[in-house]
Structure formats: structure tokens, C-alpha cells
Number of protein chains: 2
Amino acid sequence: MNYNEFKYCGLNVALGALSGKWKPIILYYLFHQEEIRFTELWRAIPKVAKKVLLEQLKQMEQDGLLLREEKNGFPPEVWYRISEKGRALGPALAALESWANEYAAEEVDLLKIRRKVTLS
Amino acid sequence: MNYNEFKYCGLNVALGALSGKWKPIILYYLFHQEEIRFTELWRAIPKVAKKVLLEQLKQMEQDGLLLREEKNGFPPEVWYRISEKGRALGPALAALESWANEYAAEEVDLLKIRRKVTLS
DNA sequence: TAAACAGGTTACTAATAAGTTACCTTCTTA
DNA sequence: TAAGAAGGTAACTTATTAGTAACCTGTTTA
């Protein structure tokens, strides 16, 4: 299959799973950290509201991109890790990333995009 | 670079350029049709509002994904074609597409995703 | 015993994206 | 001469997404 052959339907599904203001950075941490605790992630992403971070994590869990594990005891401990399905997105994410670096270097530098995702 | 190495910033830029309910299907036509006239595209995508289709085409033009050409005369004739930058997205789009087909085949079949993009 | 912890929910507001309808232009055809 | 063509805009409504603030849970620590 050459790269002209994509159909929009699977593309829509994939982009749907990635759509959410904070999902790229969440994926970044999951790809780089093996296992990350909710609070750690929250502190790592300074501007996101707890509610929104929880929402996006929940969506990603429902989409099968990540695994959520409650460790017993108190205070509650919840750890997130990338799933196999999530890790399988790696090549596609890397392809998007390198496209942006090759063809949209300026926007990457500005850290300013239409959706106003500003990442410190 | 292995696929663990992506950074979220370029990823954000790329996803920003793709974010818009009708952009995947627009890209689909642009990849498959060399040149397409506005009205033809509008008729091919039955449910989109003209205003929205125009908005997304304008954003894609500003992002450099496509080229817009007005051909003189009346009635107005406007043709869209994929740009080099847009075509360069091909591998990434194909990777997303095949990820969805491998790992999310059910959603692909259902044509129903969270964002409620229902196609056809 | 009161505060702090971690993860989460609820009720609410603000911002962005998408959809609807009506209208404009200028040429051609009925 | 009135209607229809193609591309586009303007004013407005609706839906979806993100953000804010307050509150809840039980165990530990001060």
C-alpha cells in the first residue's frame, strides 16, 4: 500500500482518539515514562484543569490507549501506563512529528497553533 | 530516530492542522483527485454546510496543505489541489489509517466515533 | 481533632466549532 | 427580464470542549 491509499474512515477514528487538547502531551509522558502517577502527571502539565486531565485520561482509557491501575491503600494511588494499542500509535505519531518539523518548523518554534494549545 | 522519540510540540502542530470535522475527507478527495472544484467537493460530502466547508478549506490553505486556484470567467470556478506540504502528510495519514484498521477495526466498521463524525 | 493527602465528582461558566438561513455578485440562459 | 449558475459572506443558533471552584472520600500526621 502506498501512502495515497488511505481512506478517511480509519483516519477519522485515529484522529478522534487523538483529539483533545492535552492528549499529545499525555502520550508524550506515557511514551517516555513507563508508568506515571496521576498527581505527577498533573504537576508535569502545569495549566491543565484536573477535571479536564481526568476526562482525557478516561477517554484514552476507553479508547484503549492506556491502562489505569489503582494501587490499594490510602491515600489513593493511580498509575497510568501506555497500552500495546497505544504504543502501536508510535510510528504514526513520529511521522506527524517529523512532518511538522520538516514542513511547519516555524509553527513548531512559535508553539502557537490555531487551537491555542500553548505548552509552556 | 525510533518512534519513541516524538515530542509533543510538532505533534500538536500536525494535529492542529488536521483538526476539523471534515478535513480527513477533504484530504481524501485531494489525494485521490488531482484537482477538484468547490461545488464538486461540496456535492461529494453531502452533509457539510457550505460555510463550514469553506472555513476548513481556508484553514487548510493557510496551513499550506492545499492550493486554491480561481479560474477566470463566470460563473466563478475555484479549484483545489493538494500541495507538496499536504502530500507530505501522506505517510503519516496512512500510518494513522492502518493503526485504526489494525487496532480499532470495530470503530472503523461502526463509523461512529466520539466526535460524532458520521460519514455517508 | 483538625489539616493534609490523592483521586475524583458536581455544578457552573467561557470559549470554540459546527450548522442554518438569507443574501450578494455577475454572467448566461429560458 | 427573471431565474439560475458558483463561490462567498453575515448574522445568528446550537453543540461540544475546556476551565473554575467547591466539595467528597477515608487514612495519616501534626
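In this text, all values refer to a predicted model and were calculated from it rather than measured experimentally. All heavy atoms count here, side chains included; hydrogens, waters and symmetry mates do not. Chain A is the first sequence line, chain B the second, and so forth, proteins listed ahead of strands; every chain is numbered from 1.
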Exercise. Does B/Gln56 place a side-chain N or O at less than 4.0 Å from the phosphate oxygens OP1/OP2 of C/dA18?
Worked result: yes
I need the [atom1]-[atom2] distance between [X] and [N], as an integer number of Å.
| X | N | atom1 | atom2 | value |
| --- | --- | --- | --- | --- |
| B/Lys71 | C/dT26 | NZ | P | 23 Å |
| A/Trp42 | C/dG8 | CH2 | P | 12 Å |
| A/Glu55 | D/dT16 | CD | P | 14 Å |
| A/Glu69 | C/dG8 | CD | P | 13 Å |
| B/Leu54 | D/dT9 | CG | C1' | 9 Å |
| B/Glu40 | D/dA5 | CD | P | 17 Å |
| A/Phe38 | C/dG8 | CZ | P | 7 Å |
| B/Leu57 | D/dG8 | CG | C1' | 12 Å |

Exercise. Do A/Lys47 and D/dG19 have a side chain to base donor-acceptor pair shorter than 3.5 Å?
Worked result: no
Exercise. From A/Trp42 CH2 over to A/Lys50 NZ, what is the distance, rounded to the nearest 0.5 angstrom?
Worked result: 5.0 Å
Exercise. Ion pair present between B/Lys71 and B/Glu35, side-chain N to carboxylate O less than 4.0 angstrom?
Worked result: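 Answer for the salt bridge query: yes.
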For this session: Take A/Glu55 and A/Lys21 through the salt bridge (Lys or Arg N to Asp or Glu O under 4.0 Å) test and state the conclusion after the steps.
Result: CA-CA 11 Å; A/Glu55 276 172 4; A/Lys21 182 166 167 181; over 6 Å; no
Exercise. So is B/Arg87 actually on top of B/Phe31's ring, under 6.0 Å and inside 45° of the axis?
Worked result: yes
Problem set entry | Path from A/Leu54 to A/Ile36 over hydrophobic side-chain contacts below 4.5 Å |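 They do share one cluster, since a chain of ILVMFWY contacts under 4.5 Å joins A/Leu54 to A/Ile36.
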Problem set entry | Residue whose closest nucleotide on DNA chain D lies nearer the 5' end, B/Lys51 versus B/Arg43 |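 Between the two, 5'-proximity favours B/Arg43.
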Problem set entry | DNA chain D: 5'-proximal contact among B/Glu77 and A/Val52 (nearest heavy atom) | B/Glu77
Among [options], the nucleotide that comes nearest once only the side chain of [X] is considered:
| X | options | answer |
| --- | --- | --- |
| B/Lys21 | C/dA18, C/dT20, D/dG19 | C/dA18 |
| B/Tyr80 | D/dA18, C/dG8, D/dG8 | D/dG8 |
| B/Lys58 | C/dG19, D/dA6, D/dT9 | D/dT9 |

Exercise. With a non-hydrogen cut-off below 4.0 angstrom, is B/Val78 in contact with a base, only sugar-phosphate, or nothing?
Worked result: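 Touches sugar-phosphate only.
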Exercise. Starting at the 5' end of DNA chain C, which residue's closest nucleotide do you reach first, B/Pro76 or A/Trp79?
Worked result: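 So the residue in question is A/Trp79.
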